[in-house]
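Below is one structure, written out as structure tokens, with a few remarks after it.
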Amino acid sequence: MGKDVIIACDFADAETTYAFLSRFTGKKPFVKIGMELFYAEGPAIVREIKRRGHRIFLDLKLHDIPNTVRKAMAVLSRLDVDICNLHAAGTTRMMEAALEGLTRPDGSRPLLIAVTQLTSTDQESMERDLLIRAPIDEVVMHYAENARKAGLDGVVCSPLEAGKVHDRCGASFLTVTPGIRFADGDTGDQKRVTTPALAASLGSDYIVVGRPITAAVDPAAAYERCVREFVK
Ligand code: C5P
């Protein structure tokens, strides 16, 4: 899979999601389905969006004991999604178990990527709540390296970290990057934002874009603009 734009379908229900997706009459966008939509609608929405011809990043961020994650990933692999994810904080053993579970009898499997430290965690809360005293940038890179050693395909990170992740984990280790805004757009609650073009030049493999597309007057045009700027 080459560089691509993934639309974060952060909608509350299936009806709103299908109405949104029906506005794309050209290329079927790659979409991200998160916890809100999945817990509201269940696996049926994944099957329906697949049936409509979209690729899917199922963003459920698993984190549990290795045995439970292995079995849960086996269930997700049967949904035929393209990318799944988990928390690297669940340990290398959990990530290895996840890969085992995700691998189908024929050897194929969705891509598996790791969340390192959530961007809602900062140095202070990491030290205070988690008793992790290393600098947060080091923690992020250490988690990325653990993910690579476990055999995962990449991480979710900021485009601003994509270069460093590639340096440490290799050029083919995927960086899937949210925090994207058009140069002339609203930043909303995202603090460190990057344009699609800058994300491309910093080495992002996939950009995850929500509101700049979902809240646009013409989502299909905003998507096309994103693809033009990012993929070129
Ligand atoms: O609307 P917006 O473009 O900010 O959406 C970005 C998407 O990426 C959301 O689904 C958000 O939860 C997700 N995300 C993020 N920052 C992270 C990890 C995930 O914005 N560090």
Side-chain angles (χ1 to χ4, degrees), residues 4-13 16-17 20-21 29-41 45-46 49 54-63 81-90 111-123 125-126 130 136-137 139-141 143-144 147 152 154-162 164-165 174-200 202 204-227 229-230:
D4 211 346
V5 174
I6 302 177
I7 304 179
C9 286
D10 294 324
F11 300 116
D13 55 44
T16 317
T17 309
F20 173 77
L21 292 178
F30 201 138
V31 301
K32 176 169 90 73
I33 299 176
M35 288 185 208
E36 183 189 9
L37 192 53
F38 189 78
Y39 292 151
E41 301 291 349
I45 192 159
V46 174
I49 293 175
H54 298 268
R55 285 182 292 159
I56 298 178
F57 167 18
L58 190 56
D59 179 18
L60 298 181
K61 302 187 179 70
L62 276 68
H63 187 170
V81 295
D82 300 275
I83 305 180
C84 290
N85 66 353
L86 45 63
H87 275 283
L111 293 173
L112 182 61
I113 62 176
V115 173
T116 58
Q117 276 294 352
L118 290 172
T119 43
S120 50
T121 307
D122 60 10
Q123 186 75 37
S125 55
M126 201 180 66
L130 309 178
I136 194 159
D137 296 0
V139 174
V140 167
M141 287 304 149
Y143 283 9
L152 269 66
V155 287
V156 181
C157 64
S158 159
L160 302 165
E161 296 160 352
K164 214 164 156 190
V165 168
L174 300 173
T175 53
V176 178
T177 66
I180 305 296
R181 292 294 178 266
F182 291 121
D184 51 4
D186 252 356
T187 56
D189 55 2
Q190 293 281 11
K191 292 204 176 82
R192 300 191 306 158
V193 299
T194 307
T195 62
L198 182 59
L202 291 171
S204 292
D205 296 290
Y206 291 90
I207 51 173
V208 176
V209 187
R211 288 159 292 180
I213 296 174
T214 57
V217 176
D218 184 346
Y223 170 70
E224 293 303 334
R225 178 180 173 191
C226 243
V227 172
E229 290 188 19
F230 182 64

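Whatever order the structure lists them in is the order used to number ligands and atoms, beginning at 1. The analysis underlying the following values was restricted to heavy atoms, covering all of them including side chains, and did not include hydrogens, waters or symmetry mates.
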Next item on the list: For atom 3 (O) of ligand 1, state which one of G210, A215, A8 supplies the nearest heavy atom.
Entry: G210
Item checked: Reported NZ-to-CE distance for the pair K164 and M141, which is rounded to 0.5 angstrom -> 5.0 Å
Residue, atom name and distance, where the atom is the protein heavy atom closest to [atom]:
| atom | value |
| --- | --- |
| atom 21 (N) of ligand 1 | T119 OG1, 2.9 Å |
| atom 20 (O) of ligand 1 | Q190 NE2, 2.7 Å |
| atom 12 (O) of ligand 1 | K32 NZ, 4.3 Å |
| atom 19 (C) of ligand 1 | P178 CG, 3.8 Å |

Notebook entry, point to check: Would V5 and I180 count as a side chain to side chain contact (heavy atoms under 4.5 Å, CB included) if you check the C-alpha gap in whole Å, the side-chain angles of each, and the deciding distance to 0.1 Å?
Noted result: CA-CA 10 Å; V5 174; I180 305 296; over 6 Å; no
Check: Is the count of non-hydrogen atoms from other residues, nucleotides or ligands lying under 6.0 Å from D186 atom CG greater than 12?
Finding: no
Item checked: Chi angles and distances behind the side chain to side chain contact (heavy atoms under 4.5 Å, CB included) call for D189, R211 -> CA-CA 11 Å; D189 55 2; R211 288 159 292 180; 2.7 Å; yes
Next item on the list: Could you go through the side chain to side chain contact (heavy atoms under 4.5 Å, CB included) check for V209 and F182 one step at a time?
Entry: CA-CA 10 Å; V209 187; F182 291 121; 6.0 Å; no
Note to self: Using 30° and 60° as the class boundaries, would you call the ring planes of Y206 and F30 parallel, tilted or perpendicular?
What the structure shows: perpendicular
Next item on the list: Say whether P212 and ligand 1 are in contact under the criterion: heavy-atom distance to a ligand atom below 4.0 Å.
Entry: yes
Note to self: With a cutoff of 4.0 Å, is D10 in contact with ligand 1, counting heavy atoms of the residue only?
What the structure shows: yes
Next item on the list: Give the C-alpha distance, both sets of side-chain angles, the deciding distance and a yes or no for side chain to side chain contact (heavy atoms under 4.5 Å, CB included) between R55 and D4.
Entry: CA-CA 11 Å; R55 285 182 292 159; D4 211 346; 2.5 Å; yes
Notebook entry, point to check: Considering only heavy atoms, does S158 approach ligand 1 within less than 4.0 Å through its side chain, its backbone, both, or neither?
Noted result: neither
Next item on the list: Compute the shortest N/O to N/O distance between R211 and ligand 1 and return yes if it is under 3.5 Å, no if not.
Entry: yes
Item checked: Atoms of ligand 1 close to R181 [distance to a heavy atom under 4.0 angstrom, numbered from 1] -> 1 (O), 2 (P), 3 (O), 4 (O)
